[in-house]
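Worksheet for the structure shown next.
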Amino acid sequence: MSSPSVQANGARIPLLGLGTWDLRGRSCARMVEEALKQGYRHIDTAAMYRNEEEVGAGLRASGIKRDEVFITTKVWSSDLRPRDFERSARESLANLKLEQVDLLLIHWPNSSVPLKETIGALCKMKTEGVTRHIGVSNFSPALVAEAAKLASEPLVNNQIELHPYNDQSRTIAASRKAGLSITAYTPIARGRVKGDAMLGRIGKAHGKTAAQVCLRYLVQQDIVVIPKTSRSERLAENAAIFDFTLSEAEMKEIAGLASPHGNIVS
Ligand SMILES: NC(=O)c1ccc[n+]([C@@H]2O[C@H](COP(=O)([O-])OP(=O)(O)OC[C@H]3O[C@@H](n4cnc5c(N)ncnc54)[C@H](OP(=O)(O)O)[C@@H]3O)[C@@H](O)[C@H]2O)c1
């Protein structure tokens, strides 16, 4: 089954992934297994989430072939010195029980470590086959430009907080200018969109929920979304976003919700 995806600097990234922050233990493994069985082909984890073992277990339990699933993990900001970076990335592989991940990200920038050193370590993880692709997360427009200049291997993604309530247009433009795709984390604003009257009204016209309208709004702009849920019925709800289209007027109306101070996490 081919899932809708975005291409960037040689990478093909499925537009829908399962976020796993805060999923732990057996329930994490169960949600990953179920998501993959339902058709998800992208799982987002991180060393900092302390659930890579369970993500790997869920992947194996699903029976879906390894090369059909896109696995992203991240190196935490306290591990950005080259030796720590490499150790963390290799530990992630051991925890996941994988030979390679699909995307390795710098989780957050850390101004006390020269970016050049960290980018060097990130590129090394690609050339040594630890990961197929590399990218960044929580990088500002200026940092994206600097990172792209320093990198000897192409960066393919910037994962940032993005939902209808925050304005990330500058970061999106800077990332795309450097050839990076965008992944929206916290894409349903930690569930807040559920009670949004405008998204609810637009959803009603399409037979969809407010959360589905929110996710559609993002994927319709070629933005990868990684909603997290611990409930299987919501896995299906969050995945049913590729069978309808928002009109230009609806897209514009939703864009009007954004504010420069609308971040929840960062
Ligand atoms: N790179 C970074 O720095 C960074 C930072 C934050 C997050 N992330 C990644 O992004 C992923 C998603 O972000 P997030 O977990 O912060 O927030 P989110 O996906 O926007 O929201 C998750 C919350 O929304 C609820 N929810 C899920 N589907 C729903 C639906 N259809 N209707 C109503 N509520 C729904 C979930 O509750 P239930 O579990 O009860 O369904 C959960 O409380 C994370 O899991 C992680 O993988 C990355």
Side-chain angles (χ1 to χ4, degrees), residues 13-25 27-28 30-32 34-35 38 40 42-52 54-55 58 70-80 92 96 101-110 134-140 143-144 155 157-166 168 171 175 180-196 199-200 203 207-219 223-241 257 262-266:
I13 308 176
L15 278 168
L16 172 69
L18 174 68
T20 67
W21 175 71
D22 215 19
L23 289 176
R24 296 280 171 90
S27 96
C28 176
R30 206 180 47 243
M31 289 312 289
V32 169
E34 229 177 279
Q38 284 192 25
Y40 284 65
H42 176 176
I43 308 289
D44 181 82
T45 182
M48 196 273 267
Y49 301 168
R50 304 202 181 287
N51 63 11
E52 290 172 310
E54 290 78 11
V55 167
F70 193 95
I71 303 281
T72 301
T73 195
K74 319 182 190 86
V75 175
W76 188 235
S77 60
S78 56
D79 282 329
L80 298 194
S92 287
L96 286 157
V101 290
D102 297 283
L103 181 59
L104 183 68
L105 304 178
I106 299 171
H107 201 149
W108 283 88
N110 177 347
I134 53 173
V136 296
S137 178
N138 297 297
F139 271 42
S140 65
L143 270 182
V144 169
L155 301 173
N157 188 256
N158 187 10
Q159 184 177 125
I160 55 174
E161 177 175 345
L162 180 57
H163 41 71
Y165 304 125
N166 67 347
Q168 290 276 32
T171 308
S175 302
L180 283 74
S181 57
I182 295 291
T183 295
Y185 76 68
T186 316
I188 49 174
R190 296 249 156 106
R192 264 184 227 182
V193 298
K194 192 176 175 218
D196 189 290
L199 297 175
K208 295 287 176 180
T209 65
Q212 289 171 323
V213 169
C214 167
L215 293 170
R216 177 70 208 177
Y217 169 70
L218 295 166
V219 297
I223 290 167
V224 178
V225 295
I226 48 170
K228 170 258 166 184
T229 184
S230 49
R231 306 191 201 182
S232 58
E233 70 275 14
R234 283 183 171 166
L235 281 178
E237 177 184 345
N238 295 345
I241 55 173
L257 290 170
N263 278 14
I264 295 170
V265 177
S266 47

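Since we're looking at a predicted model, the values are computed, not measured. Note that ligands are numbered from 1 as they come in the structure, with each ligand's atoms numbered from 1 the same way. For the single chain, residues carry numbers from 1 onward in sequence order.
The protein non-hydrogen atom at the shortest distance from atom 11 (C) of ligand 1 is Ile226 O, 3.2 Å. If you check which protein heavy atom lies closest to atom 47 (O) of ligand 1, you get Asp44 OD2, 2.7 Å. Of all protein heavy atoms, the one closest to atom 45 (O) of ligand 1 is Trp21 N, 2.9 Å. The nearest protein atom to atom 28 (N) of ligand 1, hydrogens excluded, is given as Asn238 ND2, 3.1 Å; this is a heavy-atom distance. Scanning all protein heavy atoms for the shortest distance to atom 24 (O) of ligand 1 gives Gly191 N, 3.4 Å. Considering only non-hydrogen protein atoms, atom 13 (O) of ligand 1 sits nearest to Thr186 N, 3.0 Å. Protein heavy atom nearest atom 7 (C) of ligand 1, with residue, atom name and distance: Tyr185 CD1, 3.6 Å. In terms of protein heavy-atom proximity, atom 19 (O) of ligand 1 is nearest to Lys228 N, 2.9 Å.
Atoms of ligand 1 lying under 4.0 Å from any heavy atom of Trp108, numbered from 1 in the order shown and given with element: 3 (O). For ligand 1, the atoms closer than 4.0 angstrom to any heavy atom of Lys194 are 33 (C). Set against the non-hydrogen atoms of Pro227, the atoms of ligand 1 under 4.0 Å away are 19 (O). Of all the atoms in ligand 1, the ones that sit under 4.0 Å from a non-hydrogen atom of Thr20 are 45 (O), 47 (O). For ligand 1 and His107, the ligand atoms under 4.0 Å from any heavy atom of the residue are 1 (N), 2 (C), 3 (O). Of all the atoms in ligand 1, the ones that sit under 4.0 Å from a non-hydrogen atom of Ser230 are 38 (P), 39 (O), 40 (O), 41 (O). Listed by number with element, the atoms of ligand 1 under 4.0 angstrom from any heavy atom of Tyr49 are 4 (C), 8 (N), 9 (C), 46 (C), 47 (O), 48 (C). Shown in contact with Ala189 at under 4.0 Å from a heavy atom are these atoms of ligand 1, numbered in order with element: 20 (O).
Distance alone, capped at 3.5 Å, places no donor-acceptor pair between the Asn157 side chain and the Gly135 backbone. A donor-acceptor pair is defined here as one N or O able to donate and one able to accept, closer than 3.5 Å; no such pair exists between the side chain of Glu34 and the backbone of Ser232.
Contact annotation: for Arg190 versus ligand 1, heavy atoms closer than 4.0 Å belong to both the backbone and the side chain. Heavy atoms of Val193 found under 4.0 angstrom from ligand 1: none, in either backbone or side chain.
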For this session: Evaluate the side-chain hydrogen bond (donor to acceptor under 3.5 Å, both in side chains) criterion for residues Tyr185 and Asp44: first the C-alpha distance (whole Å), next the side-chain angles of each, then the deciding distance (0.1 Å), finally the verdict.
Result: CA-CA 10 Å; Tyr185 76 68; Asp44 181 82; over 6 Å; no
Problem set entry | Worked verdict on Phe139 versus Leu180 for side-chain contact (heavy atoms from CB on, under 4.5 Å) | CA-CA 11 Å; Phe139 271 42; Leu180 283 74; over 6 Å; no
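The CZ atom of Arg50 sits 13.5 Å away from atom OG1 of Thr20, with the distance rounded to the nearest 0.5 Å.
Between Thr45 and the choices Thr73, Asn51, Thr72, the side chain to side chain donor-acceptor pair (under 3.5 Å) rule is met once, by Asn51.
Counting heavy-atom neighbours within 6.0 Å of Arg24 CZ, excluding the residue itself, gives a total above 12.
With Glu161, Arg234, Met31, Lys74 as candidates, the residue nearest to atom 33 (C) of ligand 1 on a non-hydrogen basis is Arg234. Nearest-heavy-atom check against atom 41 (O) of ligand 1 across Val265, Asn138, Val136, Thr229 picks out Thr229.
By the 4.5 Å heavy-atom criterion applied to side chains, Ser92 and Val101 are not counted as neighbours. Between Ile226 and Gln159, the closest side-chain pair of non-hydrogen atoms falls below 4.5 Å. Residues Val224 and Pro187 have side chains not in contact (no heavy-atom distance under 4.5 Å, counting atoms from C-beta outward). Residues His107 and Met48 meet the side-chain proximity criterion, which asks for heavy atoms closer than 4.5 Å. Counting heavy atoms from C-beta on, the side chains of Ile264 and Arg192 come closer than 4.5 Å.
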